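Worksheet: one structure, shown below.
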Amino acid sequence: MKVLIIDDEESIRFSLKISLEKLGFDSLVAETGEKGLELFKIHSPKLAIVDIKLPGIDGIEVLKRIRKLDPDCIVIMITYLSEVKLAVKSIKIGAYDYFMKPFSLAEITNTVKRAAKYIEKKKELDRLNYELRFIGESSSINSIKDTIKVISNLEMSTHILIQGESGTGKEVVAKLIHEKMGKDKAFVPLNCSAIPKNLQESELFGYEKGAFTGADEKKEGLISKSDGGILFLDEIGDMDLSLQAKLLRALQEKKYRPVGSLKEEDFDTTVIAATNKDLKEEINKGNFRDDLYYRLNVIPIYVPPLRERKRDIPLLISSFLKEYNLKLNKEIKKIDKEAMDMLLNYDWPGNVRELKNVIERIAIFNEDNIIHVKDLPNEIKSYFYEEKKKLSPLEIAELKVILHSLEKYGWNISKVSEELNISRQTIRRKMEKYDLKK
């Protein structure tokens, strides 16, 4: 791994270079901020050690420019005690750590080693996150992947409508489309449900100075920022009806007008709209324009709920475990059969998002590197027992009370018996009846 050292004191440059090279780092040195930035642009190191007080461009400015060139680069600052305020400022800007001169070589090299481990872990997490983008081998997922491949080869802008329940991965699909079309293109998101309806138009189209109270300066709209790239309209079903009409006109004519402007602007953008609502039903209710629906629905993509692609669950679990093993420094490698059966039979109302949250929760508390039934959330165990036994409503209520108490007291039957005022023999009989196991 390359480390850039920028310091105007030759003795410091030399001692750091020798110490780091003994540890296997490839050291680059510069005595000024200007030369250091030149080396940074050429070699793209992932670690930099920067003196705050430098001739010409000072260390704070070097830090700012490095952060702009590569936000992931780790920068360690060094300075004198008299400049401690600047050192603290550097941390606020984004420095990883700072050291006071004279510093201990052992301390700074240990920090570099720790930072290098963090970089390697982040690289692996980034790789995993890329793999996790859209995992699955079911026919529905393969069909979506094929559609994305076709879209990525288009040489013209188009419109795409992604529909599916919450948590199925609609935004993931939109980002994959962007990735396949080219990361150099803009990807501009607007969550229509997160912005008040009276502000949606100005966010989308921008506005001129003085267009309304509080418009103290001109603001570029998201549709302008997305020109030549992708405008992602999440939760399009929550867009205000009057804005739907203006959006339709803009998409038809490839022109828009900022709020308060008399001049129309041209744009050419691929619009990806996503919603968890049934837009045809919303059209019947008068909440969504049918003409906008057909304009957006040039390329329809339906992301199925997890309950309709259960063969993908083991793949998803395996990938999520890799991610959380890395994040939490754990080695969970196995799920016992009964626990996997429960995970496969659960209906997952929150879809992939819920599955990921469950695996994260399990990973945090797991201590023996194997996932057992006891590690699963109560709602999954209750669902499994209800389905398996085809219980009556009264039995379901009894099951939930007993299971809750068992979980609460770590499956200590004596304490459960005491809390519920039921004999231990009865508790054991109920556990056998409902097939409750720790």
Side-chain angles (χ1 to χ4, degrees), residues 126-183 185-193 226 229-237 251 269-282 288 292-320 322-323 343-344 346-359:
D126 288 344
R127 183 188 67 77
L128 277 172
N129 286 334
Y130 179 80
E131 289 179 358
L132 287 169
R133 284 299 181 86
F134 209 54
I135 288 174
E137 293 178 353
S138 57
S139 58
S140 55
I141 297 303
N142 287 331
S143 175
I144 292 172
K145 290 176 180 177
D146 290 341
T147 301
I148 291 172
K149 193 179 294 184
V150 171
I151 294 168
S152 67
N153 292 324
L154 290 175
E155 295 183 0
M156 53 176 268
S157 62
T158 187
H159 305 316
I160 303 156
L161 180 60
I162 305 173
Q163 297 187 82
E165 294 177 8
S166 291
T168 51
K170 298 185 292 296
E171 185 174 356
V172 173
V173 173
K175 287 181 177 177
L176 260 178
I177 293 169
H178 171 239
E179 201 166 79
K180 297 295 184 183
M181 289 178 68
K183 287 184 179 180
K185 295 178 182 290
F187 181 85
V188 181
L190 172 66
N191 188 324
C192 300
S193 66
S226 68
I230 291 173
L231 176 64
F232 177 50
L233 299 174
D234 199 9
E235 304 301 345
I236 187 75
L251 297 181
T269 295
T270 289
V271 173
I272 302 177
T275 181
N276 59 12
K277 293 183 176 181
D278 183 336
L279 288 188
K280 288 188 175 179
E281 188 178 317
E282 293 300 305
F288 202 83
L292 178 58
Y293 170 78
Y294 293 114
R295 172 59 62 179
L296 292 171
N297 201 35
V298 177
I299 300 178
I301 295 177
Y302 171 68
V303 186
L306 194 52
R307 63 183 175 275
E308 291 180 9
R309 56 180 187 109
K310 289 195 172 182
R311 63 173 292 188
D312 293 333
I313 289 175
L315 287 172
L316 288 161
I317 291 172
S318 176
S319 296
F320 294 146
K322 284 181 187 176
E323 178 182 355
L343 292 168
L344 287 170
Y346 184 57
D347 255 3
W348 299 107
N351 294 297
V352 178
R353 183 186 295 129
E354 182 186 7
L355 174 60
K356 186 172 184 180
N357 290 343
V358 164
I359 297 303

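No experiment lies behind these values; they were computed from the predicted model shown.
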Do Leu316 and Leu306 have side chains that approach each other closer than 4.5 Å (heavy atoms only, starting at C-beta)? yes
Sidechain-backbone polar pair: Thr270 side chain, Ser157 backbone, donor-acceptor under 3.5 Å: no
Run the side chain to side chain contact (heavy atoms under 4.5 Å, CB included) test on Glu165 and Arg307 for me, step by step, so that the C-alpha distance in whole Å, both residues' side-chain angles and the decisive distance to 0.1 Å come before the verdict. CA-CA 11 Å; Glu165 294 177 8; Arg307 63 183 175 275; 2.5 Å; yes
So do Ile313 and Trp348 actually touch side chain to side chain, heavy atoms under 4.5 Å? yes
So, for Lys185 and Gly229, which heavy atoms are closest and what is the spacing to 0.1 Å? CB-CA, 4.1 Å
Ala174 to Phe187 - nearest heavy-atom pair and separation: O-CE1, 3.8 Å
For Gly350 and Glu354, which heavy atoms make the closest approach, and how far apart are they? N-OE1, 2.8 Å
Min side-chain heavy-atom separation Glu171-Asn191 under 4.5 Å: no
Would you mind checking if Lys175 and Glu179 are paired as a salt bridge, meaning a charged N to carboxylate O distance below 4.0 Å? no
Would you say Ser318's side chain and Leu315's backbone share a donor-acceptor pair under 3.5 angstrom? no
Just by modelled atom types, is the Ser166 backbone N or O under 3.5 Å from a matching donor or acceptor in the Asn351 side chain? yes
Between Leu296 and Leu251, is any pair of side-chain heavy atoms under 4.5 Å apart? yes
Leu279 and Leu161: CA distance, side-chain angles, deciding distance, side chain to side chain contact (heavy atoms under 4.5 Å, CB included) verdict: CA-CA 10 Å; Leu279 288 188; Leu161 180 60; 4.0 Å; yes
d(Ile230 CD1, Ile160 CD1) to nearest 0.5 Å is 6.5 Å
Checking side chain to side chain contact (heavy atoms under 4.5 Å, CB included) for the pair Ile301/Ile177: CA distance, chi angles, key distance, verdict? CA-CA 11 Å; Ile301 295 177; Ile177 293 169; 4.2 Å; yes
NE2 on His178 to CZ on Phe232, rounded to 0.5 Å: 12.5 Å
One should read off an interatomic distance between Tyr293 OH and Ile236 CD1, to the nearest 0.5 angstrom, of 13.0 Å
What verdict does the side chain to side chain contact (heavy atoms under 4.5 Å, CB included) test give for Ile135 and Phe320, after you've listed the backbone C-alpha separation in whole Å, the side-chain angles of each residue and the deciding distance to 0.1 Å? CA-CA 11 Å; Ile135 288 174; Phe320 294 146; over 6 Å; no
Exercise: identify the closest heavy-atom pair between Ile141 and Asp312: CG1-OD2, 3.5 Å
Is the side chain of Thr269 donor-acceptor paired with the backbone N or O of Ser226 at a distance under 3.5 Å, no angle test? yes
N/O donor-acceptor pair under 3.5 Å between Asp347 side chain and Pro349 backbone: no
Got a second to check how far Glu235's CD is from Ser193's OG, nearest 0.5 Å? 5.0 Å
With a 4.5 Å cut-off on side-chain heavy atoms, are Arg311 and Glu137 touching? yes
When you compare the side chain of Tyr346 with that of Leu355, does any pair of heavy atoms fall below 4.5 Å? no
Enclosure of Lys280 NZ (heavy-atom neighbours >12, cutoff 6.0 Å): no
Mind checking whether Ile272 and Ile151 have side chains closer than 4.5 Å, heavy atoms only? no
How long is the span from the CE atom in Met181 to the CG atom in Asn153, to the nearest 0.5 Å? 10.5 Å
Leu176 side, atom CG; Ser152 side, atom OG - distance, nearest 0.5 Å: 10.5 Å
Indicate the atoms forming the closest heavy-atom contact of Tyr302 with Gly164, along with that distance. CE1-CA, 4.4 Å
Restricting to non-hydrogen atoms, name the atom on Gln163 and the atom on Lys170 that form the minimum distance, rounded to 0.1 Å. C-CD, 3.9 Å
